[in-house]
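We use all heavy atoms of the structure for the numbers below, so side chains are in, but hydrogens, waters and symmetry mates are not.
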Amino acid sequence: RASYGFSGNADPTQTAITTIAFAGISPFTQTQWAEIERHTNPDLRWETVRTTNFGIDFALLNSRLSGSLDYYLKSGKDLFTAFPIDYTTGVGPYLIRNVANMRGHGIDFQLNSQNLVGALKWSTQVNLSVNRDRITNYFAASENAGNFISGYTARVSGMVCAPVYSIYSFKSTGLDAKGDPVGALKGEPSKDYQSITTSGTKVDELRFHGSALPTCYGNIQNRISLNQFNLSFSISYKLGYYFRRPSISYAGLGRYDTGHSDFALRWQKPGDELNTVVPAFVYPNVSSRDAFYSGSEQLVEKGDHFRLQYINLGYKLPQRWFKGKESTVELYLNGSNLGVIWRANHLNIDPEYLSPSSTLPAKIFSIGGRLNF
C-alpha cells in the first residue's frame with residue numbers, strides 16, 4: 001500500500017476581525033459595557049501537513065501469523081502556538097502565531113498470532129508505534145534558557161534539530177552545605193539564580209534529556225479460552241521519553257498554601273545534602289531560587305512505563321442448557337484502570353498524572369452477564 005495526504009489545520013478560537021464580548025451593566029453609568037475578546041490576527045496562516053505512507057499486510061503459516069507494517073513520513077509547515085509579542089502592541093503578552101516547521105517519520109506495526117489452537121486457544125495482538133520528529137525551522141527562536149524550561153505540560157521546544165516537544169533543564173550539582181541548590185553559570189558552580197534562570201544561561205548550556213512525548217508506544221492484548229472459560233487482558237506501554245516531576249515550591253507554599261510531600265524531604269541540617277535534593281526552606285523566599293530548583297535536572301525523570309489496562313474473565317453457560325436454541329449466556333468479571341505495573345522512575349510517580357490538581361483514575365471492578373438471543 002502507498003498513500004499521500006495533504007491537510008490543513010486552523011485554530012477555531014481565532015477570528016478574522018477584532019471581536020468584542022458584552023460583559024454586563026456598569027454599576028456607575030448603568031449602561032452596558034464590553035471588552036475586546038479576540039484581536040484580529042491577519043498574519044496567521046493555516047498549519048499544513050503532508051504525509052506519505054508505505055505499508056504492507058501479511059499472513060504466514062496458514063494465517064497463524066498476520067499483521068501489517070507501515071512506514072510514514074510527515075512534514076508540517078507553519079505550525080502555530082502562543083508566542084510572546086511586544087507589549088506596546090496592546091494585545092499581549094501572547095498571540096497565536098505561525099512559528100515552526102517540522103519533519104517526522106516512524107513505523108506502525110501490528111502482529112496477530114494464534115499461539116495455540118484446539119481446546120485451549122491462545123491468541124496475541126501486539127501493536128507498536130515508533131516515532132521520531134524534529135524542528136527544521138523556528139522563526140522566533142530565543143536563546144534565553146528560561147524559554148526552554150517548561151512545567152508539567154509539554155510545549156514546543158523551539159530548538160532546531162531537537163524533538164518538537166523536548167525536555168531541557170538547568171544543570172545542577174545538588175545542594176551545598178547550607179541546603180541551597182547549586183547551578184552552573186559560564187561553566188562554574190553558581191548560586192546566582194537570577195542570572196542562571198534568565199539571560200545568563202543560553203540554551204546550549206542547558207542539559208538536554210530527550211523527547212517530552214513517548215517515542216515508542218503501543219499495547220499487548222492476550223485472549224485465552226478453554227471450553228466455556230475465557231480470559232483476556234491488555235497491557236499498554238510508553239517508552240523513550242522524559243518528564244519533569246512536581247516538587248515543593250516555597251513561593252506557592254507561602255503565598256497560596258500549596259504544599260507538596262517533598263517538604264518532608266527538605267534539607268534541615270548539615271549533612272542532609274548527601275541524602276536529598278530538596279532545598280532548605282528560607283525566609284524571605286527567593287523566587288529565582290524556586291525557579292531554578294523547579295527547572296533543574298534533579299526533577300527530570302524517565303517516563304517509560306507499562307500499564308495494565310484491563311483483565312476480563314468470562315464463562316459461557318453450556319449450550320445444551322438451551323435445548324438447541326441460538327441463545328448464549330456469558331457471565332463475566334472485569335477489572336479496569338488497574339494501574340502501572342512497571343515504571344522507570346523509582347519514586348512511584350505515574351508519568352501521566354503529574355499536575356498537583358490531577359488524581360489517578362479509580363480502579364473499576366464489575367460483575368455482570370450478557371444474553372444473546
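Salt bridge Arg244/Glu301: absent, no basic N to carboxylate O contact under 4.0 Å. With respect to Asp350 and Arg343, no salt bridge is recorded, no charged nitrogen being found less than 4.0 Å from a carboxylate O. Ion pair Lys74/Asp133 not flagged as a salt bridge, since none of the NZ, NE, NH1 or NH2 atoms sits closer than 4.0 Å to an Asp/Glu carboxylate oxygen. Ion pairing of Arg289 with Asp192 is absent here, as no side-chain N (NZ or NE/NH1/NH2) approaches a carboxylate O to less than 4.0 Å. At a threshold of 4.0 Å, the pair Glu330-Lys316 does not count as salt-bridged, since none of the basic side-chain nitrogens sits closer than that to a carboxylate oxygen. Between Glu273 and Lys178, none of the side-chain N atoms (NZ, or NE/NH1/NH2) sits under 4.0 Å from a carboxylate O, so this pair counts as no salt bridge.
Between the OG atom in Ser166 and the CG atom in Leu206 there is a gap of 11.5 Å [rounded to 0.5 Å]. In this structure, Ser236 OG and Tyr310 OH are separated by 11.0 Å, a value rounded to the nearest 0.5 Å. To the nearest 0.5 angstrom, Met102 atom CE is 14.5 Å from Lys77 atom NZ. Atom CG of residue Leu69 and atom CD of residue Gln110 lie 11.0 Å apart, to the nearest 0.5 angstrom. Rounding to the nearest 0.5 Å gives a distance of 8.5 Å between CD1 of Ile224 and CG of Leu116. With values rounded to the nearest 0.5 angstrom, Asp108 atom CG is found 4.0 Å from Ser129 atom OG.
Trp46 and Asn9 are not linked by any side-chain donor-acceptor pair at a separation below 3.5 angstrom, with hydrogens and angles left out of the test. Looking only at atom types and distance, the side chain of Asn219 has no donor-acceptor partner in the side chain of Ser234 under 3.5 Å away. At a cut-off of 3.5 Å, with distance as the only test, no side-chain donor of Thr136 or Asn101 sits close to an acceptor on the other residue. With hydrogens and angles left out, the side-chain atoms of Gln221 and Arg223 include a donor and acceptor closer than 3.5 Å.
Looking at Arg38 and Thr18, their side chains never come closer than 4.5 Å, going by heavy atoms from C-beta outward. Counting heavy atoms from C-beta on, the side chains of Tyr193 and Ser190 never come closer than 4.5 Å. The side-chain heavy atoms of Pro279 and Leu175, taken from C-beta on, include a pair separated by under 4.5 Å. At least one side-chain heavy atom of Phe243 sits under 4.5 Å from a side-chain heavy atom of Asn345. Here the side chains of Ile220 and Asn222 are in contact, with some heavy-atom distance below 4.5 Å. Between Pro351 and Tyr241 there is a side-chain heavy-atom pair separated by less than 4.5 Å. For the pair Leu338/Gln309, no side-chain contact is recorded, criterion being any heavy-atom separation below 4.5 Å from C-beta on. Taking the side chain as every heavy atom from C-beta outward, Tyr353 and Pro361 approach each other to under 4.5 Å.
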Step-by-step side-chain contact (heavy atoms from CB on, under 4.5 Å) determination, Asn137 to Val160: CA-CA 6 Å; Asn137 283 303; Val160 174; 5.7 Å; no
Stepwise side-chain contact (heavy atoms from CB on, under 4.5 Å) check, Lys171 with Glu205: CA-CA 8 Å; Lys171 294 179 181 178; Glu205 297 175 297; 5.6 Å; no
Verdict with supporting geometry, Arg245 and Ile349, side-chain contact (heavy atoms from CB on, under 4.5 Å): CA-CA 8 Å; Arg245 64 180 175 89; Ile349 298 175; 3.7 Å; yes
Worked check of side chain to side chain donor-acceptor pair (under 3.5 Å) between Asn131 and Thr215: CA-CA 5 Å; Asn131 176 66; Thr215 57; over 6 Å; no
Stepwise side chain to side chain donor-acceptor pair (under 3.5 Å) test for Glu297 and Ser169: CA-CA 5 Å; Glu297 62 182 290; Ser169 66; 5.4 Å; no
Test salt bridge (Lys or Arg N to Asp or Glu O under 4.0 Å) applied to Asp176 and Lys191, step by step: CA-CA 10 Å; Asp176 64 9; Lys191 294 198 296 184; 2.9 Å; yes
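Between Tyr168 and Phe148, the two ring planes are perpendicular [angle over 60°; tilted spans 30° to 60°]. Using a 30° and 60° split on the angle between ring planes, Phe306 and Trp342 fall in the perpendicular class, above 60°.
In this structure, Leu239 is a member of the same hydrophobic cluster as Val126, with clusters built from ILVMFWY side-chain heavy atoms closer than 4.5 Å. When hydrophobic clusters are built by joining Ile, Leu, Val, Met, Phe, Trp and Tyr residues whose side-chain heavy atoms come closer than 4.5 Å, directly or via intermediates, Tyr4 is not grouped with Val49. Hydrophobic cluster membership is shared by Phe292 and Leu185, with clusters built from Ile, Leu, Val, Met, Phe, Trp and Tyr side chains linked at under 4.5 angstrom. Val286 and Ile196 sit in two unconnected hydrophobic clusters of ILVMFWY residues. Membership requires side-chain heavy atoms under 4.5 Å apart, directly or through other members. Note: the hydrophobic cluster containing Tyr237 also contains Ile341 (ILVMFWY, side chain heavy atoms under 4.5 Å, direct or indirect links).
Aromatic ring centroids of Phe229 and Tyr315 lie under 6.0 Å apart.
Scanning both residues, Asn115 and Ser123, for their nearest heavy atoms gives ND2-C, 4.0 Å. Contact between Ala10 and Phe80 at its shortest, heavy atoms only, is C-CZ, 4.0 Å.
Taking a 4.5 Å side-chain heavy-atom cut-off between Ile, Leu, Val, Met, Phe, Trp and Tyr, the cluster of Leu265 extends to Ile248, Tyr250, Leu253, Phe263, Val278, Phe281, Tyr293, Leu299.
The number of heavy-atom neighbours closer than 6.0 Å to CG of Leu331, taken from other residues, nucleotides and ligands shown, is above 12.
Counting only residues at least two apart or in different chains, side chain to side chain donor-acceptor pair (under 3.5 Å) contacts with residues 55-68 comprise Arg1-Asp57.
Taking the centre and axis of the six-membered ring of Tyr332, the NZ or CZ atom of Arg370 falls inside the cone set by 45° and 6.0 Å.
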